[in-house]
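Quick notes on the structure that follows.
As the structure is a prediction and not an experimental result, all values here were calculated from the model. For ligands, and for the atoms within them, numbers begin at 1 and follow the listed sequence.
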Amino acid sequence: MATESWALAVDAQEAAAESIGSLQIKDKPEENGTVANATEPSRAATEPSSAATEPSSAAAKTDVKVQNKGTDEEENDKDDKAAQSLLNKLIRNNLVNNTNQVEVLQKDPNSPLYSVKSFEELRLKPQLLEGVYGMGFNRPSKIQETALPMMLAEPPQNLIAQSQSGTGKTAAFVLAMLSHVDPNKRYPQCLCVSPTYELALQTGKVIEQMGKQYPEVSLVYAIRGNKLERGVKLQEQIVIGTPGTMLDWCGKFKFIDPKKIRVFVLDEADVMIATQGHQDQSIRIQRMLPKNCQMLLFSATFEETVWNFAQRIVPEPNIIKLKREEETLDTIKQYYVLCNSREEKFHALCNLYGSITIAQAMIFCHTRKTAGWLAGELSREGHQVALLSGEMQVEQRAAVIDRFREGKEKVLVTTNVCARGIDVEQVSVVINFDLPVDKDGNPDNETYLHRIGRTGRFGKRGLAINMVDSKMSMNILNRIQEHFSKRIEKLDTDDLDEIEKISG
Ligand SMILES: Nc1ncnc2c1ncn2[C@@H]1O[C@H](COP(=O)(O)OP(=O)(O)OP(=O)(O)O)[C@@H](O)[C@H]1O
């Protein structure tokens with residue numbers, strides 16, 4: 001997106017000197033008490049959790065190792081979209097609220113449109129219904145209400161679905177895959193492609209959770225590093241992986257017979273097309289599948305490139321869209337503080353500190369370097385702050401955000417790129433230590449709104465403070481003010497009475 005590009009470019013530059021692979025999941029922080037993710041695929045592959053059925057042959061013996069990331073092209077794809085998506089998955093533990101209406105475009109406009117308000121209405125297998133409730137889902141999400149009946153219909157219907165992250169897409173297609181497999185047939189019947197190893201793993205975890213009461217169904221990960229012996233025929237019913245490996249497994253190695261596939265899922269289409277080669281590989285997989293195979297494609301955004309790709313993957317689709325909830329500045333009090341230098345901005349921030357930490361605050365900087373510097377200075381002043389920075393691994397970032405959400409830290413210093421898409425509902429103070437600008441130095445209104453805006457539902461009052469340290473930034477501030485037709489008032493941070501006024 002153009003608006004991100006300046007900050008992205010800065011981040012990319014700053015990252016250039018660092019080792020590649022910082023976005024890979026390595027060992028999870030120990031305090032989480034969780035196992036390293038990298039060992040998960042082998043467990044999934046070796047333990048189909050079925051006592052009754054035999055573990056699959058070679059796949060069962062395969063110890064999945066995440067290879068040296070520096071040499072693996074697919075794993076190395078250091079793409080911000082994929083990282084953002086993973087971060088969202090890692091920190092999200094419930095549905096995002098969305099009050100918009102679902103838009104539906106049916107392949108056959110004359111056929112009745114079913115929508116369900118309960119999981120019972122779907123006539124799921126009892127063990128799957130148990131799995132769904134076991135995950136704490138009481139009723140289908142907005143997108144699931146319409147998508148699930150379509151996906152579970154007979155004969156199977158193709159679907160293209162677009163809705164923002166956290167609206168229940170993954171859970172929906174996982175349920176569809178689990179519903180469609182025949183547990184008695186010991187060969188792959190569902191393929192699911194994801195843009196990265198880490199994203200595939202997250203989906204795999206949902207399959208494992210939802211299929212907990214359905215041990216006859218097992219899954220295997222088609223990812224680099226999961227090397228199978230030649231001649232092996234997979235026995236797992238669900239294969240989830242990245243397009244390159246999946247293509248090799250279907251074509252070159254014939255571990256999978258593509259003609260037996262009944263459901264093909266392409267997840268995160270918008271992230272997928274950002275990676276070179278993934279589009280072609282996905283299309284090549286799709287072409288190997290039988291005509292009656294159900295094709296499902298999901299995306300968080302729907303720009304034209306995604307749409308073109310979607311149409312090549314999914315013939316005769318039903319289309320479901322759920323628009324993002326609009327953000328507004330209506331309930332936000334906006335201020336600016338006039339300073340002459342970075343140090344003065346820091347000083348002003350320290351004056352404000354007592355007031356802003358009544359609630360939780362996020363402080364945005366333009367670059368990692370400034371964010372790092374600021375977090376360091378604040379700590380030296382004895383303030384407890386958390387830093388979210390681009391050089392952290394995604395899992396580390398998720399841990400920082402989790403701590404912040406739990407209120408263990410009151411202040412989070414971050415760069416825009418890092419924080420994009422993160423909803424921390426309880427944050428009521430946002431400080432723009434640097435104003436958001438695009439690569440040409442123009443105000444980045446979209447990012448401004450995204451940082452401080454609130455969605456209708458969580459229309460809580462908020463406070464935004466903008467640090468201005470030059471004529472140029474004053475000009476940007478004025479333009480932002482004009483753009484939104486919302487007044488941004490001046491605040492004197494040396495005046496204690498004024499500070500008290502804003503925090504009240
Ligand atoms: N019907 C439901 N009821 C309650 N929670 C749900 C329901 N469906 C999904 N969730 C939960 O909501 C969160 C988001 O769901 P899900 O991951 O399926 O969304 P998504 O649109 O695929 O987003 P992402 O791409 O970020 O994963 C998850 O924590 C999931 O467990």
Side-chain angles (χ1 to χ4, degrees), residues 25 37 79-98 100 102 115-122 124 128-152 159-179 192-212 240 265-274 296-302 306 320-325 394-395 397-398 401-402 405 419-425 457:
I25 294 177
N37 263 342
D79 172 58
D80 267 293
K81 275 193 138 181
Q84 187 60 67
S85 183
L86 179 61
L87 187 57
N88 262 318
K89 277 182 199 286
L90 293 176
I91 61 176
R92 171 121 28 237
N93 45 22
N94 49 22
L95 288 166
V96 300
N97 185 66
N98 193 311
N100 291 328
V102 176
S115 123
V116 290
K117 292 282 178 212
S118 72
F119 286 109
E120 272 84 7
E121 288 172 70
L122 293 165
L124 298 166
L128 288 181
L129 193 60
E130 233 181 284
V132 167
Y133 286 138
M135 290 176 82
F137 301 177
N138 297 325
R139 65 186 71 80
S141 72
K142 221 163 198 181
I143 195 118
Q144 291 165 357
E145 284 179 3
T146 327
L148 283 172
M150 257 176 203
M151 291 195 283
L152 300 179
L159 176 69
I160 295 175
Q162 180 257 320
S163 63
Q164 77 194 83
S165 162
T167 44
K169 299 184 297 295
T170 309
F173 71 70
V174 164
L175 191 54
M177 288 199 291
L178 286 168
S179 298
C192 173
V193 286
S194 287
T196 65
Y197 160 80
E198 291 86 354
L199 289 167
L201 216 61
Q202 293 307 314
T203 305
K205 283 187 180 166
V206 180
I207 299 175
E208 287 190 54
Q209 263 181 299
M210 206 176 272
K212 215 172 184 175
I240 167 157
V265 178
L266 191 141
D267 192 21
E268 313 242 9
D270 50 347
V271 182
M272 197 72 103
I273 62 170
L296 308 169
L297 179 139
F298 299 85
S299 186
T301 59
F302 229 128
V306 180
I320 297 181
K321 285 187 189 186
L322 180 61
K323 283 213 184 76
R324 263 193 101 86
E325 191 91 11
V394 173
E395 291 248 319
R397 294 189 214 174
I401 294 166
D402 263 348
R405 281 209 309 203
R420 198 165 180 90
I422 297 170
D423 307 309
V424 186
E425 283 150 26
R457 159 84 198 276

Please confirm whether [X] comes within less than 3.5 Å of ligand 1 when only nitrogen or oxygen atoms on both sides are compared.
X      : value
Thr167 : yes
Lys169 : yes
Phe119 : no
Gly168 : yes
Thr170 : yes
Asn88  : no
Ala171 : yes

Note the single closest protein heavy atom to [atom], along with its residue, its atom name and the distance in Å.
atom                    : result
atom 26 (O) of ligand 1 : Ser165 OG, 2.6 Å
atom 25 (O) of ligand 1 : Lys89 NZ, 3.3 Å
atom 29 (O) of ligand 1 : Asn93 C, 3.5 Å
atom 23 (O) of ligand 1 : Gly166 N, 2.7 Å
atom 8 (N) of ligand 1  : Gln144 NE2, 3.0 Å

Quiz prompt | N/O donor-acceptor pair under 3.5 Å between Gln84 side chain and Lys81 backbone | solution =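 Pair absent, no side-chain N/O of Gln84 close to backbone of Lys81.
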
Distance in Å, [X] [atom1] paired with [Y] [atom2], rounded so as to fall on 0.5 Å steps:
X      : Y      : atom1 : atom2 : answer
Lys321 : Phe302 : NZ    : CZ    : 6.0 Å
Ile143 : Phe298 : CD1   : CZ    : 8.5 Å
Phe137 : Asn94  : CZ    : CG    : 10.5 Å

Of all the heavy-atom pairs spanning [X] and [Y], show the shortest one and how long it is.
X      : Y      : value
Arg397 : Leu87  : CB-CD1, 3.7 Å
Val306 : Ala269 : CG1-CB, 4.0 Å
Ala176 : Leu152 : CA-CD2, 3.8 Å
Leu266 : Met272 : CG-CE, 4.0 Å

Exercise. Run the contact test for Arg139 against ligand 1 with a 4.0 Å cut-off on heavy atoms, strictly below, and give the result.
Key: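 True for this residue.
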
Quiz item: Would Met135 count as a contact of ligand 1 if the rule is a heavy atom under 4.0 Å away?
Solution: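 Met135: no contact with ligand 1 (<4.0 Å).
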
Practice problem: For Ser299 and Gln162, test the side chains for any donor-to-acceptor distance below 3.5 angstrom and give the result as yes or no. | Solution: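 Gln162 and Ser299 do not have a side-chain donor-acceptor pair below 3.5 Å.
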
Quiz item: Does a donor on one side chain and an acceptor on the other come within less than 3.5 Å for Thr167 and Gln164?
Solution: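 There is no such pair between these side chains.
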
Quiz item: In terms of side-chain geometry, is the basic nitrogen of Glu268 or Lys169 positioned less than 4.0 Å from the acidic oxygen of its partner?
Solution: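 Judged by the 4.0 Å cut-off on N to carboxylate O distance, Glu268 and Lys169 do not form a salt bridge.
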
With atoms numbered from 1 as shown, which atoms in ligand 1 lie under 4.0 angstrom from a non-hydrogen atom of [X]?
X      : answer
Gln164 : 21 (O)
Ser141 : 1 (N)
Leu95  : 2 (C), 3 (N), 4 (C), 5 (N), 6 (C), 7 (C), 8 (N), 9 (C), 10 (N), 12 (O)
Asn94  : 12 (O), 13 (C), 29 (O)

Exercise. Going by heavy-atom distance to atom 30 (C) of ligand 1, choose the closest among Phe298, Phe173, Tyr133, Phe137.
Key: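 Result: the heavy atom closest to atom 30 (C) of ligand 1 is in Phe137.
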
Self-check item: side-chain contact (heavy atoms from CB on, under 4.5 Å) between Val193 and Val265, worked out
Solution: CA-CA 6 Å; Val193 286; Val265 178; over 6 Å; no

Quiz item: Applying a 4.0 Å heavy-atom criterion (strictly less than), which segment of Val206 is in contact with ligand 1: side chain, backbone, both, or neither?
Solution: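 It is neither part, as no heavy atom is under 4.0 Å.
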
